[in-house]
Novice: 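Have a look at this one.
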Amino acid sequence: MKRLLVFIPLILFLSQSFAQHTNESSSISQLSMYQDSLANLGKVMINNDNELERQNANIMFVKTLVTALKVPNSFLFPFDSVKTASILNSPDNRFRIISWHVMNDDGSYRFYGAMQMNTGGALKLFPLVDYSPLLEHPEDSVTDNRKWYGAQYYKIIRVTGDKSYYVLLGWKGYTANSTKKVIEVLSFKNDKPVFGMEVFGTSKHKRIIFQYTRQASMLLKYVPEQDLIVFDHLSAPDEKSKKNPETFGPDLSYDGYKLVNGRWKYEDNLDMRNVPDEHDSEFTDPKKQAIEDRSSIQHN
């Protein structure tokens with residue numbers, strides 16, 4: 001009888017373990033299938049010459065992504081075959097942001113994204129709705145996920161202290177003539193995302209936006225060893241273009257923001273000889289290079 005009493009719990013344990021393993025295998029199988037679909041749709045979104053085809057592929061991409069994220073334990077699935085979207089986990093693994101773009105025929109861009117919270121259970125997802133064209137003063141605006149200043153992010157920096165928050169570095173293709181990059185600030189209020197915060201030195205800006213000619217590339221990267229965000233100093237090619245940021249480009253000098261007591265202090269004329277040379281400094285438009293390079297974070 002004692003042996004029987006010991007044997008019964010063992011059977012129950014093995015049955016539960018087998019069921020759990022079967023469920024996990026089923027989830028991975030489903031997620032792998034959705035991943036393949038997302039990868040194929042992503043190629044159409046980026047490479048197809050027809051704008052309507054790109055937009056239709058994006059609609060299917062959104063639907064497929066939401067369906068995939070509803071699969072149990074989807075937060076743990078990396079979707080690393082989906083090269084056309086940036087998928088970034090926060091350093092504390094509290095959430096991840098999936099962001100991507102679709103180019104219009106006129107050379108402008110529309111950005112799309114979603115923030116998935118790490119709940120360990122039911123899906124908690126915040127859609128990111130690109131509100132850029134309607135934000136009259138984006139540098140000074142605090143918004144929610146429904147009025148997002150769209151960008152494709154390539155770095156998340158966690159800042160801890162009295163006011164904990166996250167800094168996001170993003171690429172923002174803009175027009176046929178110019179490109180933008182952004183230093184975004186993300187925080188949470190009542191467990192909901194808030195974009196924009198006054199943390200940049202003496203400036204009142206809630207986020208930092210750079211605009212420059214599309215013919216140039218701009219360095220914008222985080223140097224963790226120095227708690228420093230470093231970037232190319234942008235300047236006009238001549239006097240008459242000083243009010244036209246579409247003509248701006250790097251002038252071989254560098255500025256940055258140094259983290260000091262939870263805020264970012266502006267520093268100019270940085271000595272780049274003291275900054276480690278990394279290959280994750282910048283997101284480059286995937287249209288310009290091989291689709292296999294997801295973030296293509298390089299200084300070219």
Side-chain angles (χ1 to χ4, degrees), residues 51 99 101-111 130-141 143 148-155 167-185 195-196 198-223 228-258 264-273 275 277 280-289 295-300:
E51 181 177 307
S99 56
H101 70 271
V102 177
M103 188 175 75
N104 302 314
D105 280 346
D106 63 2
S108 63
Y109 294 79
R110 179 72 183 267
F111 289 84
D130 191 355
Y131 201 73
S132 302
L134 300 177
L135 287 174
E136 293 185 5
H137 304 288
E139 286 189 322
D140 302 323
S141 301
T143 68
W148 174 53
Y149 189 67
Q152 189 157 348
Y153 301 122
Y154 56 87
K155 188 68 177 179
V167 172
L168 315 175
L169 304 185
W171 173 88
K172 187 175 177 64
Y174 187 48
T175 68
N177 299 317
S178 69
T179 300
K180 289 185 177 183
K181 284 195 170 180
V182 60
I183 305 176
E184 180 65 89
V185 185
F195 291 94
E198 194 176 303
V199 293
F200 298 101
T202 58
S203 170
K204 298 295 183 181
H205 291 327
K206 310 303 189 296
R207 64 182 55 80
I208 304 297
I209 302 168
F210 306 92
Q211 184 176 358
Y212 54 97
T213 175
R214 193 161 172 171
Q215 305 306 313
S217 294
M218 178 194 171
L219 173 73
L220 174 63
K221 73 175 182 180
Y222 176 58
V223 183
L228 178 71
I229 298 172
V230 63
F231 47 87
D232 279 305
H233 181 86
L234 302 174
S235 60
D238 49 53
E239 284 293 323
K240 66 180 181 180
S241 302
K242 280 191 171 182
K243 294 185 178 180
N244 184 11
E246 288 189 345
T247 67
F248 289 8
D251 63 5
L252 302 183
S253 65
Y254 301 91
D255 303 325
Y257 284 103
K258 176 81 171 178
W264 297 89
K265 179 185 176 183
Y266 178 75
E267 298 185 353
D268 58 4
N269 294 316
L270 295 174
D271 185 353
M272 286 298 289
R273 291 174 298 181
V275 175
D277 182 17
D280 63 347
S281 58
E282 166 181 0
F283 178 91
T284 302
D285 183 354
K287 193 69 175 177
K288 293 182 179 179
Q289 60 183 344
S295 296
S296 185
I297 301 171
Q298 296 180 352
H299 186 207
N300 50 12

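Values below: every heavy atom of this structure, side chains too, minus hydrogens, waters and symmetry copies. Bear in mind the structure is a predicted one, so any value in this text is a computation, not a measurement.
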Novice: So, the side chain of E51 versus the backbone of D105: is there a donor-acceptor pair under 3.5 Å, distance only?
Specialist: yes
Novice: Determine the sole option in I229, V223, L228, V230 for which the side-chain contact (heavy atoms from CB on, under 4.5 Å) test with K258 is passed.
Specialist: L228
Novice: Considering residues at least two apart in sequence or located in another chain, which fulfil the side-chain contact (heavy atoms from CB on, under 4.5 Å) criterion with T143?
Specialist: L135, S141, K147, F195, R207
Novice: Measure the acute angle between the ring planes of Y109 and W171, then classify it against the limits of 30° and 60° as parallel, tilted or perpendicular.
Specialist: perpendicular
Novice: So does L219 get a backbone contact from the side chain of D232, meaning a donor-acceptor N/O pair under 3.5 Å?
Specialist: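 Yes; at least one donor-acceptor contact below 3.5 Å.
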Novice: To check you understand the geometry: which heavy-atom pair defines the closest contact between P250 and A216, and what is its length?
Specialist: CD-CB, 3.9 Å
Novice: Of all heavy-atom pairs between K172 and D130, which one has the smallest distance, and what is that distance?
Specialist: NZ-OD1, 4.3 Å
Novice: I'd like to check the side-chain hydrogen bond (donor to acceptor under 3.5 Å, both in side chains) partners of D106; sequence neighbours left out, ordered by chain and number.
Specialist: S108
Novice: Using side-chain hydrogen bond (donor to acceptor under 3.5 Å, both in side chains) as the criterion, list what pairs up with N244, not counting sequence neighbours.
Specialist: none
Novice: Identify the two heavy atoms, one from V182 and one from A151, that lie closest to each other, and give their separation to 0.1 Å.
Specialist: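 That closest heavy-atom pairing would be CG1-CB, 3.7 Å.
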Novice: What are the two closest heavy atoms between Q211 and F248, and how far apart are they?
Specialist: O-CB, 3.9 Å
Novice: Please enumerate all residues that pass side-chain contact (heavy atoms from CB on, under 4.5 Å) together with K206, with sequence neighbours excluded.
Specialist: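 With sequence neighbours excluded, K206 shows a side-chain contact (heavy atoms from CB on, under 4.5 Å) to V142, E198, given in chain and number order.
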Novice: Any idea which heavy atoms bring D140 and K204 closest together, and the distance?
Specialist: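 Where D140 meets K204 most closely, the heavy atoms are OD1-O, 4.3 Å.
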Novice: Is a donor on one side and an acceptor on the other found under 3.5 Å between the side chain of R110 and the backbone of N104?
Specialist: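 No; judged by distance alone, with no hydrogens or angles, the pair does not exist.
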Novice: Can you measure from OG1 (T247) to CD (Q215) and round to the nearest 0.5 angstrom?
Specialist: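 CD of Q215 is found 12.0 Å from OG1 of T247.
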Novice: Kindly write out the residues that satisfy side-chain hydrogen bond (donor to acceptor under 3.5 Å, both in side chains) with K265, not counting sequence neighbours, or none if the list is empty.
Specialist: none
Novice: Would a 4.5 Å heavy-atom cut-off, applied to side chains only, mark D255 and D268 as touching?
Specialist: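 Contact flag for D255/D268 side chains = yes.
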Novice: State the OG-OH distance between S132 and Y174, to the nearest 0.5 angstrom.
Specialist: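 Reported to 0.5 Å precision, the distance equals 9.0 Å.
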Novice: Hey, could you give me the NE2/CZ distance between H205 and F200, rounded to the nearest 0.5 Å?
Specialist: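 Atom-to-atom, H205:NE2 and F200:CZ are 10.0 Å apart.
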Novice: Does the S253 side chain pair with the main chain of H233, one donor and one acceptor, at a distance under 3.5 Å?
Specialist: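 Checked: no pair found.
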Novice: With F231, which residues qualify under ring pair (Phe, Tyr, Trp, His ring centres under 6.0 Å), at least two apart?
Specialist: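 In terms of ring pair (Phe, Tyr, Trp, His ring centres under 6.0 Å), with neighbours along the sequence ignored, F231 is linked to F210, Y257.
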Novice: Nearest heavy-atom pair of Y149 and E184: which atoms, and what distance?
Specialist: CB-OE1, 4.1 Å
Novice: What do you reckon, is CG of L252 surrounded by more than 12 foreign heavy atoms closer than 6.0 Å?
Specialist: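 Open.
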Novice: Is any side-chain heavy atom of T179 closer than 4.5 Å to a side-chain heavy atom of M218?
Specialist: no
